[in-house]
Amino acid sequence: MHETPINQAAGLQGLVQPCGPRIMAMVSHGDEGAELPLLWRLCWTLADFGYTVTVLDATTFESESNPGLDQLFENPYLHSETRSDAPAWTVIPSGKAIQNLCSRPSNQAENLRRLGQLFARDSVVILYSRAEWLVPMVGQCGITPLLVVSPEKASLLSSYRALKRLLIGGQLEPTIVNITQPSHDASARLRHVPAGAASLVTCAKNFLNYDVKTITLASNEEHASHTMQRLALRLMEGAVSLGETSATMGQWIANNHLTGMDRFAGSH
């Protein structure tokens, strides 16, 4: 009998249950220069822990020359056929399929169950999508989406809009990560709060009555760093199992529905 390993991955390994893969979410709000490198580091971190990861990239639409999730729904065996020799993580264009699923928000549990059936052999599914599609897909089911803020000027406005939509529309409280430029001055790093993050904290408090808590990550952070490993663990803890039946998932959503929606009742 194999003994349970005692290592950094032990906590993560215990989170993936035999009932099926777990789904994470990452918000796309137009800051691809910060979002995509972090997404790839997250995938590498999970792969290092031994998980098979599929990224559903809803920012890219399927086509005949670039098939993806829409085609997999029509022929699920395509995914199984390519899995044996595939890398530990793969990216699947999913914009069209996710948009179609979002047109049926009342069938949220069924939508998630369908994804669970399609990716039953995977450990983790990461949905990379705009906030307006994340809300009908995973809203009110306890997931903690990853939201990235960078020093770019446009990042503050777009991240705030995404945060507002997640909180009010989906009652989703994201894990917010500040992407900073590396500094050789350790004391300066301790004193400095990234401008984008500080502004987001202020706006969220003033207009949404929401206290933002952030994780700071350097743009050159290695996927094997302790910070990345802790981030992966946190996201796994906030992930949702895709192996539930529709009825069970529906009951889970009802039991975990966040109350007090007026908590985020700011007008901006």
Side-chain angles (χ1 to χ4, degrees), residues 16 19-32 35-36 38-40 42-43 46-47 51-141 143 145-148 158 162 165-166 169-170 172 235 239-247 249-250 253:
V16 177
C19 61
R22 298 176 74 86
I23 186 168
M24 297 180 181
M26 183 172 183
V27 183
S28 169
H29 62 89
D31 195 359
E32 290 86 357
E35 295 166 1
L36 292 179
L38 179 58
L39 177 58
W40 306 149
L42 175 61
C43 289
L46 292 168
Y51 295 114
T52 304
V53 182
T54 293
V55 177
L56 302 181
D57 181 8
T59 69
T60 302
F61 282 77
E62 307 91 318
S63 65
E64 291 185 4
S65 60
N66 190 30
L69 183 59
D70 196 46
Q71 287 73 21
L72 288 178
F73 276 140
E74 296 178 359
N75 184 5
Y77 295 103
L78 290 175
H79 185 60
S80 301
E81 291 170 357
T82 59
R83 246 325 178 187
S84 59
D85 59 350
W89 55 277
T90 56
V91 181
I92 299 177
S94 304
K96 181 179 179 181
I98 294 300
Q99 188 176 32
N100 290 337
L101 292 177
C102 289
S103 67
R104 307 181 306 168
S106 61
N107 295 330
Q108 181 196 50
E110 176 63 17
N111 292 339
L112 294 178
R113 189 187 65 80
R114 289 183 66 192
L115 291 177
Q117 290 179 329
L118 187 59
F119 301 104
R121 296 175 59 186
D122 295 1
S123 305
V124 180
V125 175
I126 302 177
L127 175 57
Y128 177 52
S129 170
R130 304 189 319 231
E132 54 264 41
W133 289 355
L134 287 181
V135 167
M137 284 297 299
V138 296
Q140 301 179 359
C141 67
I143 200 170
L146 179 59
L147 178 62
V148 180
S158 59
R165 188 180 292 269
L166 292 173
L172 297 169
L235 293 173
V240 173
S241 172
L242 288 173
E244 305 287 352
T245 63
S246 298
M249 179 64 77
I253 293 172

Exercise. Rounded to the nearest 0.5 Å, how far does CZ of Phe119 lie from OG1 of Thr54?
Worked result: 5.5 Å
Exercise. With distance as the sole test, does Glu62 use its side chain to make a donor-acceptor pair with the main-chain N or O of Asp70 at under 3.5 Å?
Worked result: yes
For this session: Kindly indicate, with the supporting measurements, whether the criterion side-chain contact (heavy atoms from CB on, under 4.5 Å) is fulfilled by Val53 and Asp122.
Result: CA-CA 6 Å; Val53 182; Asp122 295 1; over 6 Å; no
For this session: Output yes when a side-chain donor or acceptor of Gln71 lies under 3.5 Å from a complementary backbone atom of Gly68, and no otherwise.
Result: yes
Exercise. Which distance, rounded to the nearest 0.5 Å, do you find between the CG of Leu242 and the CD of Gln117?
Worked result: 10.5 Å
For this session: Search all heavy atoms of Leu172 against all heavy atoms of Leu134 and return the closest pair with its distance.
Result: CD1-O, 4.4 Å
For this session: Measure the CG-NE2 distance between Leu166 and His29 for me, rounded to the nearest 0.5 Å.
Result: 10.0 Å
For this session: Apply the test side-chain contact (heavy atoms from CB on, under 4.5 Å) to residues Leu56 and Ile126: give CA-CA distance (whole Å), side-chain angles for both, the deciding distance (0.1 Å), then the verdict.
Result: CA-CA 6 Å; Leu56 302 181; Ile126 302 177; over 6 Å; no
Problem set entry | Heavy-atom check, side chain of Ile98 versus side chain of Leu127, under 4.5 Å | yes
Seminar exercise, completed: Scanning both residues in full, the closest heavy-atom pair of Met24 with Ala239 reads CG-CB, 4.2 Å
Exercise. Backbone N or O of Ala97 within a donor-acceptor pair of the Ser94 side chain at under 3.5 Å?
Worked result: no
For this session: List the steps and the verdict of side-chain contact (heavy atoms from CB on, under 4.5 Å) for Arg121 and Thr52.
Result: CA-CA 8 Å; Arg121 296 175 59 186; Thr52 304; over 6 Å; no
Exercise. Going from CD on Gln108 to CZ on Arg113, what distance comes out if it is rounded to the nearest 0.5 angstrom?
Worked result: 14.0 Å
Exercise. When you measure from the side chain of Asn111 to the backbone N and O of Leu101, does any donor-acceptor pair fall under 3.5 Å?
Worked result: yes
Problem set entry | Stepwise side-chain contact (heavy atoms from CB on, under 4.5 Å) check, Asn75 with Phe73 | CA-CA 6 Å; Asn75 184 5; Phe73 276 140; over 6 Å; no
Problem set entry | Interatomic distance, Arg130 atom CZ to Ser158 atom OG [nearest 0.5 angstrom] | 13.0 Å
For this session: Taking the side chain as every heavy atom from C-beta outward, state whether Pro145 and Leu147 have any pair of such atoms under 4.5 Å apart.
Result: no
Exercise. What is the distance from atom OG of Ser103 to atom CH2 of Trp133, rounded to the nearest 0.5 Å?
Worked result: 11.0 Å
Seminar exercise, completed: On a heavy-atom basis, the closest approach of Ser28 and Thr59 is OG-CG2, 3.5 Å
Problem set entry | Under 3.5 Å: donor-acceptor pair, side chain of Glu35, backbone of Val148 | no
Exercise. Do you know the tightest heavy-atom contact between Phe61 and Gln99?
Worked result: CE2-OE1, 3.8 Å
Problem set entry | Student check: side-chain heavy atoms of Met137 and Leu115 closer than 4.5 Å | yes
Exercise. Taking Arg22 for the side chain and Val124 for the main chain, is one N or O donor matched with an acceptor at less than 3.5 Å?
Worked result: no
Exercise. Side-chain contact, heavy-atom cut-off 4.5 Å: Ile92 with Leu72?
Worked result: yes
Exercise. What class does the angle between the rings of Trp89 and Trp40 fall in, given that below 30° is parallel, 30 to 60° is tilted and above 60° is perpendicular?
Worked result: parallel
For this session: Please report the shortest heavy-atom distance between Asn66 and Pro93, naming the atom on each side.
Result: ND2-CG, 3.5 Å
Exercise. Do Asp57 and Thr60 meet the criterion of a side-chain donor-acceptor pair at a distance under 3.5 Å?
Worked result: yes
Exercise. Where do Pro21 and Val125 come nearest, in terms of heavy atoms and distance?
Worked result: CB-CG2, 4.4 Å
